[in-house]
Each structure stands twice: as C-alpha cells, then as structure tokens.
Peer 1: 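Dropping a structure here in structure tokens format, bear with me for questions.
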Amino acid sequence: MASISLKNIKKTYEDGVTVIDNLNLEIKDREFVILVGPSGCGKSTTLRMIAGLEEITEGELYIGSRLVNNVSPKDRDIAMVFQSYALYPHMSVYKNMAFGLKNRKTPKDEIDKKVRAAAKMLDIEKYLHRKPRALSGGQRQRVALGRAMVRDPAVFLLDEPLSNLDAKLRTEMRSRISMLHKELKTTFVYVTHDQTEAMTMGDRIVVMKDGVIMQNDTPQMLYNHPQNMFVAGFIGSPQMNFIECTVRRDKNGFHAVFEEYDYLLPERMNGPLSLYTDKEVIIGIRPEDMHSESFYFKPDGANTVNLHVDIAEMTGSDYFLFGTAGKKRIVAKISAAEEIKNDTVCKLAVDIDKIHIFDKISENLICD
C-alpha cells in the first residue's frame, strides 16, 4: 500500500502553456481521493503525472517514500483504469485479465487463482470465456477493473471510468467501486467531472479550476462550508443560487437586502460582516434550502421570497422550480407533496441559517 505526495508540481507543454502550476497534494495510504472539476481544469493531467504517462516539468512526486519522477509507469506499482476500457478485442475476458500477469511470467496456477478471485468479486465469472464485444458497457468496465485488480497494485488510478455508461449503470458501478475500495484496502485516486460521483464515493474531494486546487476537503465540508463561489456553485445540483445584496445594520443586527427583500442574518455572522456595512456582497442559497411555506411555516412572514415560477419540473419526490424573484433568477427544490404549476407565484421560506455570504470581488467566503 502507498501514500502519494505531490510537491510543487508544475506541468508546462512544449508550446509554453502551463496547465498545472505549483500543485501540492497529500494522499494518505488507503484513502479514496476524487479529483473533480470542469473540463480543462488539470485533473486528468494530474492523474497522468501520477501514473507516469505525463512528464513532470517541475516539482517532486512520491509514491510511498520513493521519488518516482523518473520511474517508468510499469515500475510505479500502480494500475490505471481508463474511460475507454482499453480491452483487447480479440482476447477473451479471462485472457484480458491475465495478460499483465502473463507478461510478468507469473505461474499459471497463480494467474488462474487471481483472475477467478477478481472475477468472483466483480460478479463476472460467467463471462470469462466471452470476448469484449459480447459484453455490455458495465460488464466491460468490470473487466477493466478486474484486469487492474489482479496485479495487486499499491495505487489504483481511475480516469473517468463511468463516463460511457448510462445513468442506471453509473449508479450501480459507483457503489461497486466504493465496495471494491473497502475490500481491497488500497489507495484510490479517481478523476471525474461529475460532482454526484465525487460526493457519493470519495473520502476526500479535491476541487480544481485552471490547474489550481480551489478546495481540498471531505464531501460534507465541501457541501456545507464551500470556501469560495466556484466550489459553492460546482458542488450541489441544481447549483447554488447567487444573489447580489447590500449589507445593512440596525439595532436588530445585520441584514441582507435586495430589491424589496430584507433578510435578518444569524447573529453568528455579526463579526465577519462588521467590515461590510453598506457594501455589496453575494449571498448563496442552495435550492434545497428554500421551502414551500406550508411545510416550513414562518409565523411572522420573515425571510420569504415570492417566486414567479416559469418552469416546474416534477422529478418524482421533488419539484425543481425555475423562475424569478424580482429581477433575480432563482432555482428552488421543494417537496412534490403539493402540486406546483407553471406561470404561478409560489411563496417560499428561505432557511436563513443555511445561507453563505461571499465577497463580491474575491468571491471568497465571508461567513456561513
């Protein structure tokens, strides 16, 4: 088993474009870490540098206590699972899984034992005689995982392995990979652009933007305490609502004011907001922290918003309401226990204890 340490890592291509600049990241032994972010943020490049498939321009990369900058991929004790499965089409599932071990001249009985044990764990025993073309996408991905497993690597690297699967298979494979991590008790580094995968699978999530780590934390901390607007908007679906407000202060405390709305803020925010009196800030409200009044009654009518609903999307147990409050575009996620129709006005209560306040210029968190 092995930890991974990236120290002051920089990646610059021959055309002079720097995609990673001074990246520092520590991954513990047996940890499941997710690298997440939009396309082009540098997450796959980071994974490929760990794998040895991309040369490091500057900095040091350690796997365990060993510096591996100049160590070839085959000697790093890692196994990589790709989005495209990368199976040999002319070989059976058994031969695909055994291929790496055979090249290492592993004894046949040991190969057989490892292949069948991995196939049993992944529930693909009955497919061992088939060719990849006779398998579904989910089955092919399990074969790719099995091929990596039989090598007993210190580190598993997974580069968007579920991107080619449909929604149902993605859900199934998410839970299967999570269980695999628990059973194998080894280090997993997983790249995805899907924040749902990140939130449901990782011990820790590294959110990246333009080659920079924006926040490195547990799923719960990222969701409840995002450190900037990028993370707040990236984590959560639908994404957080951002509204420009002015901070006002009176004898009752601090208020967030926009158009005709005036929200008295929690007392815990008084200290951080003392420097923002009469200044503009951005408040963030998650769609799920806005509730139909009938299910979240506020006796004095405070902290409510009148949402003109343009589109009401019923998803089964919930409604996604897309509309406007004054001139502000708002998305709310409420219970489907009552029917909501398009082109109606819905009075919603805002759970003011759940809001986040960001600096308008730096976009960093002021308080939550």
Side-chain angles (χ1 to χ4, degrees), residues 19-20 23 25 27 31-48 50-51 80-86 122 136-142 144-145 148 155-182 187-242 284 286-288 313 315-318 320 322 331 333:
V19 293
I20 303 288
L23 185 141
L25 179 63
I27 299 172
E31 194 173 20
F32 195 143
V33 169
I34 308 271
L35 306 182
V36 69
S39 297
C41 72
K43 57 188 184 295
S44 288
T45 301
T46 301
L47 193 79
R48 290 173 65 82
I50 296 172
M80 193 158 182
V81 179
F82 297 93
Q83 175 182 349
S84 60
Y85 318 133
L122 292 165
S136 68
Q139 290 162 351
R140 291 182 196 181
Q141 195 56 273
R142 278 183 275 167
L145 285 167
V155 176
F156 275 86
L157 305 177
L158 301 100
D159 191 6
E160 305 209 35
L162 308 185
S163 295
N164 292 335
L165 305 183
D166 61 38
K168 183 179 179 181
L169 275 176
R170 286 170 76 100
T171 301
E172 178 188 328
M173 286 301 296
R174 282 204 308 264
S175 60
R176 191 176 289 275
I177 290 173
S178 295
M179 288 301 299
L180 193 60
H181 173 252
K182 290 179 181 178
T187 308
F188 274 47
V189 186
Y190 186 108
V191 161
T192 182
H193 64 274
D194 186 331
Q195 56 94 15
T196 302
E197 283 182 26
M199 291 293 289
T200 56
M201 296 174 68
D203 299 323
R204 191 155 50 92
I205 302 173
V206 179
V207 183
M208 298 181 67
K209 177 188 178 186
D210 299 331
V212 176
I213 294 175
M214 303 301 286
Q215 190 169 346
N216 173 7
D217 228 321
T218 64
Q220 293 84 359
M221 287 296 292
L222 284 174
Y223 181 81
N224 293 317
H225 304 288
Q227 293 303 298
N228 52 63
M229 288 177 60
F230 177 81
V231 175
F234 192 84
I235 299 296
S237 181
Q239 80 163 43
M240 183 181 285
N241 297 292
F242 296 113
R286 292 203 181 277
E288 53 269 38
E313 292 185 350
T315 63
S317 60
D318 300 302
F320 290 163
F322 299 86
V331 182
K333 178 182 177 182

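Treat the numbers as computed from the prediction; the structure is a model and nothing was measured. Residues take their numbers from the sequence shown, with the count starting at 1.
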Peer 1: Just do the side chain to side chain contact (heavy atoms under 4.5 Å, CB included) check on Glu160 and His193 with the steps written out, would you?
Peer 2: CA-CA 8 Å; Glu160 305 209 35; His193 64 274; 2.7 Å; yes

Peer 1: Under 3.5 Å, side chain of Asp217 to main-chain N/O of Leu222, donor-acceptor pair present?
Peer 2: no

Peer 1: Within this structure, what is the OG-CZ distance for the pair Ser175 and Arg170, rounded to the nearest 0.5 Å?
Peer 2: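 Rounded to the nearest 0.5 Å, the OG-CZ separation comes to 13.0 Å.
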
Peer 1: Taking the side chain as C-beta and beyond, is there a heavy-atom pair between Arg174 and Thr196 under 4.5 Å?
Peer 2: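 The answer is yes; the side chains approach within 4.5 Å.
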
Peer 1: Working to the nearest 0.5 angstrom, can you tell me the gap between Ile177 CD1 and Gln141 CD?
Peer 2: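 Taking CD1 in Ile177 and CD in Gln141, the distance rounds to 6.5 Å.
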
Peer 1: For the residue pair Phe32 and His181, does the interplanar ring angle fall in the parallel (under 30°), tilted (30 to 60°) or perpendicular (over 60°) class?
Peer 2: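 The rings of Phe32 and His181 stand perpendicular, inter-plane angle above 60°.
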
Peer 1: If I compare all heavy atoms of Gly202 with all of Ile34, which pair ends up nearest, and what's the gap?
Peer 2: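 Heavy-atom minimum between the residues: CA-CG1, 3.6 Å.
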
Peer 1: If you compare all heavy atoms of Phe230 against all heavy atoms of Pro38, which two are closest, and at what distance to 0.1 Å?
Peer 2: CZ-CD, 3.6 Å

Peer 1: Decide yes or no on side chain to side chain contact (heavy atoms under 4.5 Å, CB included) for Met208 and Ile20, but give the supporting numbers first.
Peer 2: CA-CA 10 Å; Met208 298 181 67; Ile20 303 288; 4.0 Å; yes

Peer 1: Taking it one step at a time, do Ile235 and Gln215 satisfy side chain to side chain contact (heavy atoms under 4.5 Å, CB included)?
Peer 2: CA-CA 11 Å; Ile235 299 296; Gln215 190 169 346; over 6 Å; no

Peer 1: What are the two closest non-hydrogen atoms of Tyr223 and Arg286, and how far apart are they?
Peer 2: O-NH2, 3.0 Å

Peer 1: Using the ring of each side chain (for Trp, its six-membered ring), is Phe320 parallel, tilted or perpendicular to Phe322, with breaks at 30° and 60°?
Peer 2: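 It falls in the perpendicular class, over 60°.
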
Peer 1: Keeping the roles fixed (side chain from Gln195, backbone from Gly236), state whether a donor-acceptor pair exists under 3.5 Å.
Peer 2: yes

Peer 1: What's the spacing between Phe156 CZ and Leu145 CG if we round to 0.5 Å?
Peer 2: 7.5 Å

Peer 1: Pair Lys333, Thr315 - check side chain to side chain contact (heavy atoms under 4.5 Å, CB included), show working.
Peer 2: CA-CA 10 Å; Lys333 178 182 177 182; Thr315 63; over 6 Å; no

Peer 1: Could you give the distance from OG1 (Thr45) to CD1 (Ile50), rounded to the nearest 0.5 Å?
Peer 2: 11.0 Å

Peer 1: Which atoms form the tightest heavy-atom contact between Leu162 and Glu197, and what is the distance?
Peer 2: CB-OE2, 3.7 Å

Peer 1: Atom CD1 of Ile213 and atom NZ of Lys43: how far apart are they, to the nearest 0.5 Å?
Peer 2: 13.5 Å

Peer 1: Indicate the atoms forming the closest heavy-atom contact of Arg204 with Ile27, along with that distance.
Peer 2: NH2-CA, 3.7 Å

Peer 1: Heavy atoms only: give me the nearest Leu35-Leu25 pair and the separation to one decimal.
Peer 2: CD2-CD2, 4.1 Å

Peer 1: Measure the CG-OH distance between Asp159 and Tyr190 for me, rounded to the nearest 0.5 Å.
Peer 2: 10.0 Å

